[in-house]
Structure formats: structure tokens, C-alpha cells
Amino acid sequence: MKTRNKGQTLGADTVCVHGGISEDKHTGAVSIPIYQSSTYRQLEMGKNQGYDYGRSGNPTREALEALIADLEEGTDGFAFASGLAAITTVLMLFKSGDKIIMGQDIYGGTFRILTKIYNNFNINCIIVDTSDLSAIKEALAKDKSIKSIIMESPANPLLKITDIKAVAEIAKANNVLTIVDNTFMSPYLQKPLNLGVDIVIHSATKYLGGHSDVIAGLVAVKNKDLAEKVKFYQNAAGTILEPFDSWLLIRGIKTLSVRMDRHLQNAAFLADFLKNLTEVSKINYPGLKEFNGYEINKKQSKGAGAVISFEFDDKAKINLNEFFKNLHIIAFAESLGGVESLICHPATMTHASIPQEARTKMGITNNLVRFSVGIETKEDLADDLMQAIKKARV
Ligand SMILES: Cc1ncc(COP(=O)(O)O)c(C=O)c1O
């Protein structure tokens with residue numbers, strides 16, 4: 001990257017705007033062009049112009065890949081067709097007989113791919129609460145075939161915090177690879193590679209894209225050997241992101257820091273608002289001082305993110321369906337991290353692929369609501385919640 005070569009330490013806002021390959025080397029266009037080509041003319045046998053086939057290399061995708069590497073302060077980045085395509089590809093690093101510790105509150109799709117697909121290849125997972133360091137140590141001591149730990153902090157949807165640096169240290173001591181799904185934070189708020197983690201994954205569909213208009217996944221690493229392997233699997237499995245979506249992500253990331261600052265302000269306001277509602281019995285938000293994990297999150301990140309989950313008190317007799325149906329500004333929808341506020345019911349939506357028994361054990365009750373706070377006027381969001389609550393009282 002141009003800016004990094006100068007050896008300067010650049011501010012986070014500058015990296016969002018100018019990171020990666022921020023202009024076209026052929027024309028100087030400040031918006032990197034969409035190189036919509038599946039193949040490239042070769043000069044002679046065995047001599048191409050840097051590219052041969054679109055799956056193996058594309059300048060728009062490469063600009064994005066350099067950008068995520070810069071944002072995460074890694075050496076290499078990779079762009080995938082979705083967050084799950086990124087996860088699927090990274091899991092190709094493991095072989096039959098390997099075991100993976102999977103955070104208890106991991107995204108439902110990660111749980112599904114490990115327990116319904118990779119298990120068929122004899123790559124199995126052990127579910128551990130990664131916020132409990134002794135539980136990790138115990139699992140590692142018991143089973144020497146554990147090769148990796150995959151975790152999220154904050155985790156979805158209860159926002160449980162894991163001490164990433166401490167887990168990375170334990171993992172290193174045991175020769176185990178650490179993978180963090182950093183989707184909920186974005187590199188603007190948290191940089192797991194700097195905390196000792198080996199691989200960072202994003203569903204870029206969320207904060208990185210930021211506008212609920214693209215499905216994409218990104219990966220960053222800080223180790224050339226790992227980079228070579230991920231690049232090989234990306235090309236071999238064909239899990240790449242296409243040029244137009246790569247461009248949309250580059251465009252979205254230019255405003256990441258500005259959007260995140262507003263997301264944080266709004267989330268802090270709404271967490272406070274929800275906390276004071278008599279209808280709400282429990283609130284999970286790492287920005288609240290009383291939240292378990294507040295101190296660890298503060299130590300390892302620049303902010304608490306903008307996803308809040310909360311439970312309605314049974315005594316308040318709120319009909320959840322009526323509540324969701326009556327929201328006007330906040331969209332009742334899957335996903336998170338867009339400029340628009342989104343709200344969902346984890347038990348029947350994002351976490352429906354986790355069996356009821358496992359869900360209940362994890363604390364994902366039928367009363368739990370997940371709220372991705374957008375960048376709208378914060379008082380309008382509070383009013384929207386209030387009027388929907390009033391209509392949903394039975
Ligand atoms: C934390 C997390 N990781 C990964 C994914 C999967 O990403 P995608 O939907 O882009 O495939 C999601 C999607 O909701 C997610 O929330």
C-alpha cells in the first residue's frame with residue numbers, strides 16, 4: 001500500500017479512505033475501477049500482464065484485499081463471496097482428525113458448517129465458553145488433537161466478551177491456531193491480529209459494507225505461510241468475491257470510521273434508554289459498566305460496538321410479534337451493521353439452526369431480541385421502540 005510504504009503511522013480515518021490500493025495505477029482515478037473481466041490477454045506463452053484468470057486475480061478485488069490487510073494491520077487480505085465462504089475456506093486449513101474449539105455463542109452458520117458439513121470430513125468441534133480461560137485450558141489438556149480455537153468477542157447474540165489476548169497466549173503455548181470472527185466490531189474498533197490472533201474473519205456484509213447492499217466476507221492474516229495457504233484455498237475452491245461487490249465494499253469502507261462513531265453514540269444512548277424501561281428485564285451491551293466483560297472489552301477494543309440484545313420481562317406481557325410488526329423505522333430483519341437499524345428474534349431467525357436444547361443452554365431465550373443500532377436520529381429510534389411496545393401489550 002502506498003501510504004504504508006511511506007513508513008508513516010496513519011490515523012484510522014485515513015486508512016479507511018486511502019488504505020489498500022486507493023487509486024487506479026493506469027488512470028489515477030481516485031475510485032478504483034471495477035475490472036469486470038473474467039480473463040486477461042497474455043503477451044506470449046508463459047508471459048501474462050500480472051493476471052491470467054479472474055478467479056485467480058482481479059485488480060478490484062486485490063485493492064479490497066490490500067485494504068482489509070491495512071485495516072487489520074496484517075500482511076495479507078482475502079475477499080470472499082460471503083462471510084460463510086470466508087469461514088468455509090479458512091476451515092480448509094484443517095484435516096481429518098483435527099478438532100476445533102468453537103466459542104459457545106458462535107454465529108449459527110459457523111456452528112452449522114462445522115457440525116453438519118466438516119464433521120463429515122472428520123473435522124469436529126468442541127463447544128467451549130471462550131470467556132472462561134480455565135475451560136479452554138482444560139479442553140486443550142484433555143485433547144491433543146485440538147488444532148484451533150474459533151471465537152467471537154463480542155459474541156452473537158448475548159455479546160459475551162472473551163479476553164482475546166489471553167486466549168491467543170494460551171493457544172500459542174499449545175501450538176494451536178486462533179481465529180477471531182471480528183464482524184461485530186470491525187477493524188475500526190478491534191484489531192485481533194495485534195492481540196496475537198492468527199486469522200481474522202469478517203462477514204463484510206455487516207459494518208464493513210455498511211449499507212445492507214452486499215454479501216461478502218474478508219480475511220486478514222499476519223503470516224506469509226498462512227497467507228499462501230488461504231490464497232491457495234480461495235483460488236482452488238473458487239470462493240472469491242466478484243469485482244462489483246469488491247468495489248461496493250471499498251466504497252462502503254471509506255466511511256467506516258464516521259459510521260462507526262455514530263453507531264457507537266446511538267448504541268450508548270439506546271442501551272441507556274432500554275435499561276430504564278420497566279418492560280425490559282435484561283440488557284446485554286458491553287458498553288454498560290455493569291455488563292460482565294465491560295473491562296476486558298474496554299482493554300481490547302476502542303468501543304463496545306452497536307449491537308444490543310435485551311429480554312422483555314414476562315410480567316410486561318409483550319406480544320413479540322406485535323412488537324416487531326409495529327416498528328416503523330427499525331426494520332424487522334436478519335443481519336446487522338447497516339446504516340439502518342435492524343431488529344431480530346435470534347431464537348427463530350439468526351440462531352434457528354442451533355437445536356433448541358443447545359440454544360437454551362447458551363441463554364438464547366424466546367424473549368431475547370437483538371437490536372443492531374443504525375445511524376438514524378437516536379431519539380427517533382427510542383420513540384419507535386416505545387410506540388411499538390405500547391401497541392404490543394396484551
Ligand atoms: C458474526 C457473523 N459471522 C459470519 C456471518 C456470515 O456472514 P455472511 O452472511 O456474510 O455469509 C454472520 C452473518 O450474520 C455473522 O453475524
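Computed from a predicted model, the values in this text were never measured in an experiment. Atoms within each ligand, like the ligands themselves, are counted from 1 in listed order.
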**Study point:** Any pair counted as ring-ring contact (aromatic ring centres under 6.0 Å, His included), so long as it reaches residues 178-205, sequence neighbours left out
**Key:** none
Practice item. Check whether NZ of the Lys or CZ of the Arg Lys378 lies under 6.0 Å from the centre of the six-membered ring of Phe269 and within 45 degrees of that ring's axis. Key: yes
Practice item. Would you mind listing every salt bridge (charged side-chain N to carboxylate O under 4.0 Å, His left out) that reaches into residues 239-261, with sequence neighbours excluded? Key: none
Check your understanding: Any salt bridge (charged side-chain N to carboxylate O under 4.0 Å, His left out) pairs touching residues 179-192, not counting sequence neighbours?
Key -> Glu73-Lys191
Practice item. Indicate yes or no: does Arg61 engage Glu65 in a salt bridge with an N to O separation below 4.0 Å. Key: yes
Review point. Using 30° and 60° as the class limits, which term best fits the ring planes of Phe312 and Phe310: parallel, tilted or perpendicular?
Key: perpendicular
Give me the pairs of N or O atoms, one from ligand 1 and one from the protein, that sit under 3.5 Å apart.
| from | atom 1 | to | atom 2 | distance (Å) |
| --- | --- | --- | --- | --- |
| ligand 1 | 3 (N) | Asp181 | OD2 | 2.6 |
| ligand 1 | 7 (O) | Ser203 | OG | 2.9 |
| ligand 1 | 10 (O) | Gly83 | N | 2.9 |
| ligand 1 | 10 (O) | Ser203 | OG | 2.8 |
| ligand 1 | 10 (O) | Thr205 | OG1 | 2.6 |
| ligand 1 | 11 (O) | Gly83 | N | 3.0 |
| ligand 1 | 11 (O) | Leu84 | N | 2.9 |
| ligand 1 | 14 (O) | Lys206 | NZ | 2.7 |

